[in-house]
2 protein chains.
Amino acid sequence: MSDLEALSLKLEARGYRVTPPRRAVIAAVLQQAGHFTVDDLLHRCRGAGRATVFRTIRLLTELGVVCRVLLDDGSLHYRLSQRPQHHHHLVCTGCGKVQDLDDCAVSDLVRELSGSSGYEIEGHWLEFYGHCAACRSEVLVGVPA
Amino acid sequence: MSDLEALSLKLEARGYRVTPPRRAVIAAVLQQAGHFTVDDLLHRCRGAGRATVFRTIRLLTELGVVCRVLLDDGSLHYRLSQRPQHHHHLVCTGCGKVQDLDDCAVSDLVRELSGSSGYEIEGHWLEFYGHCAACRSEVLVGVPA
DNA sequence: ATCTCAGTGAGACAAGGTATCAGGTAGTCC
DNA sequence: GGACTACCTGATACCTTGTCTCACTGAGAT
């Protein structure tokens with residue numbers, strides 16, 4: 001079963017129709033390698049209007065199929081989610097590659113903070129930025145010591 | 001020396017002029033209790049145009065006087081920075097109160113992640129959301145068991 | 001056949017922010 | 001003082017990201 005079919009079934013299971021425009025958006029999302037914007041999708045999928053792309057992305061986000069990636073500069077991008085549950089990202093600012101961090105690294109921190117601050121902590125944002133191994137070696141080749 | 005004067009000197013030391021509109025924006029920022037938007041400032045300081053308020057906020061952000069606070073929903077607000085160096089926030093989603101977290105709690109995590117991922121990690125976002133002690137007790141009073 | 005309703009595209013709208021541009025002003029050099 | 005320059009200004013146009021509205025379509029139920 002292709003990813004497209006799997007996602008279509010998932011939508012249908014939740015009572016959503018799998019229409020041609022939705023199918024086009026999902027196909028476009030599946031083609032994206034790293035993080036992307038709605039604008040990227042719009043250029044790539046001619047079969048759906050702007051509003052529909054936004055609506056479908058929102059839908060996919062709610063289903064956990066797509067997650068939001070917060071970039072260095074504060075802008076929000078989207079990404080095909082490898083894990084539906086809560087997770088964080090490690091974003092390469094060189095090539096845009098995104099790596100999921102499988103376990104939530106700050107759950108201990110949250111517990112500790114709850115005790116010390118008096119807050120009941122209900123959520124958090126955590127994203128890391130850097131250069132991946134490939135981009136680092138490229139830089140080293142480009143600028144020899 | 002007032003905060004306004006101190007910030008004026010800081011601007012001058014960097015070679016920026018302290019003009020009446022900039023002074024008005026800084027005064028408005030100093031009046032804000034928690035986090036605020038540029039729109040909040042615009043309503044509060046009549047002495048400066050929209051573009052100037054945006055420009056001044058960007059300037060203050062670069063100087064570390066104001067820091068950006070990422071809210072739960074992904075929107076960016078601003079806040080008078082208590083610490084010019086890198087830090088994180090604990091935001092009360094009830095009353096909007098913001099608490100600075102003094103030491104960067106993820107520096108250990110960054111080191112660990114650098115080793116395991118091959119990335120050279122250069123930055124990160126970390127914000128916590130929850131309800132502060134005051135808001136929690138209010139809820140308890142409002143909704144008795 | 002018709003009714004209903006989720007889904008649609010076009011386009012208006014909104015928030016938040018940047019770019020442009022003509023004009024103002026402070027400081028400097030003569 | 002006068003000219004020059006660089007910085008700063010407000011108004012306004014514009015961009016980006018996203019939502020809302022509205023008339024329309026098409027699939028499924030009756």
Side-chain angles (χ1 to χ4, degrees), chain A residues 7-29 32 35-63 65-79 96 125, chain B residues 7-29 32 35-63 65-79 96 125:
Chain A
L7 288 182
S8 300
L9 287 178
K10 194 166 181 175
L11 277 180
E12 276 173 354
R14 305 287 186 105
Y16 296 106
R17 292 193 199 148
V18 181
T19 60
R22 282 188 176 161
R23 196 173 274 272
V25 173
I26 295 173
V29 166
Q32 303 289 328
H35 52 87
F36 54 84
T37 61
V38 171
D39 206 52
D40 294 333
L41 293 184
L42 270 169
H43 287 124
R44 200 166 293 248
C45 80
R46 283 291 137 103
R50 217 173 79 92
T52 299
V53 174
F54 272 105
R55 279 189 284 243
T56 307
I57 279 296
R58 190 171 42 178
L59 183 60
L60 293 177
T61 306
E62 281 160 15
L63 292 181
V65 172
V66 158
C67 57
R68 300 191 303 172
V69 179
L70 178 70
L71 294 198
D72 224 0
D73 59 0
S75 69
L76 271 178
H77 283 214
Y78 299 91
R79 170 163 203 264
W125 260 114
Chain B
L7 287 182
S8 301
L9 288 176
K10 192 166 182 175
L11 276 180
E12 277 173 355
R14 304 284 186 109
Y16 297 106
R17 292 193 198 147
V18 180
T19 59
R22 282 188 177 162
R23 197 175 274 272
V25 173
I26 296 173
V29 167
Q32 303 289 328
H35 53 88
F36 54 85
T37 61
V38 171
D39 207 52
D40 293 333
L41 293 185
L42 270 169
H43 286 123
R44 198 168 294 248
C45 81
R46 282 290 135 104
R50 214 172 83 95
T52 299
V53 174
F54 272 106
R55 278 189 284 244
T56 306
I57 280 296
R58 189 171 41 176
L59 183 60
L60 293 176
T61 307
E62 280 162 15
L63 292 180
V65 172
V66 159
C67 56
R68 301 190 300 172
V69 179
L70 178 70
L71 295 197
D72 225 359
D73 58 1
S75 69
L76 272 179
H77 283 214
Y78 299 92
R79 170 162 204 265
W125 262 113

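Proteins come first, then strands; the chains are lettered A, B, ... in the order of their sequence lines, and each starts at number 1.
As rounded to whole Å, 13 Å separates atom P of C/dG16 from atom NE2 of B/H35. One can place CG of B/L60 at 13 Å from P of D/dC8, the figure rounded to the nearest angstrom. Going from atom CG of A/L42 over to atom P of D/dT19 covers 13 Å, rounded to whole Å. Per the geometry, CG belonging to B/L11 stands 17 Å off P belonging to C/dA26, to the nearest Å. To the nearest angstrom, C1' of D/dT9 lies 18 Å from CZ of B/R46. Look at CZ on B/F54: it is 5 Å from P on C/dG17, rounded to the nearest Å. Between the P atom of C/dA14 and the CG atom of B/D73 lies a distance of 19 Å, rounded to the nearest Å. Per the geometry, CG belonging to A/L76 stands 18 Å off P belonging to C/dA15, to the nearest Å.
One finds no side-chain N or O of B/Y78 lying less than 4.0 angstrom from the OP1 or OP2 phosphate oxygen of C/dG16. Residue B/T19 has a polar side-chain atom (N or O) positioned under 4.0 Å from OP1 or OP2 of D/dT9. Under 4.0 angstrom from either OP1 or OP2 of C/dG16 there lies no side-chain N or O belonging to B/T37.
The closest side-chain heavy-atom distance from B/R55 to B/V25 is not below 4.5 Å. With a 4.5 Å cut-off on side-chain heavy atoms, B/Y78 and B/R68 count as touching. Using a 4.5 Å heavy-atom threshold, the side chains of A/L11 and A/L59 count as touching.
At a threshold of 4.0 angstrom between heavy atoms, the contacts of A/G74 with the nucleic acid are absent.
The two atoms that bring A/L71 and B/W125 nearest to each other are O-NE1, 3.5 Å, heavy atoms only. What you find for A/G74 and B/L76 is that their closest heavy atoms are CA-CD1, 4.2 Å.
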Listed pairs, N/O of protein and of nucleotides 2-6 of chain C, under 3.5 Å:
none

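Mapping A/R50 and A/R55 onto DNA chain D by nearest heavy atom places A/R50 at the nucleotide closer to the 5' end. The 5' end of DNA chain C is approached more closely, in terms of each residue's nearest nucleotide, by A/P21 than by the other of A/P21 and B/R58.
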Extract all donor-acceptor atom pairs below 3.5 Å that involve side chains of residues 12-23 of chain A and protein atoms in other chains or at least two apart in sequence.
from: A/T19; atom 1: OG1; to: A/R22; atom 2: N; distance (Å): 3.4
from: A/R22; atom 1: NH1; to: A/R17; atom 2: O; distance (Å): 2.9

Would A/D73 and A/S75 count as a side chain to side chain donor-acceptor pair (under 3.5 Å) if you check the C-alpha gap in whole Å, the side-chain angles of each, and the deciding distance to 0.1 Å?
CA-CA 6 Å; A/D73 59 0; A/S75 69; 2.9 Å; yes
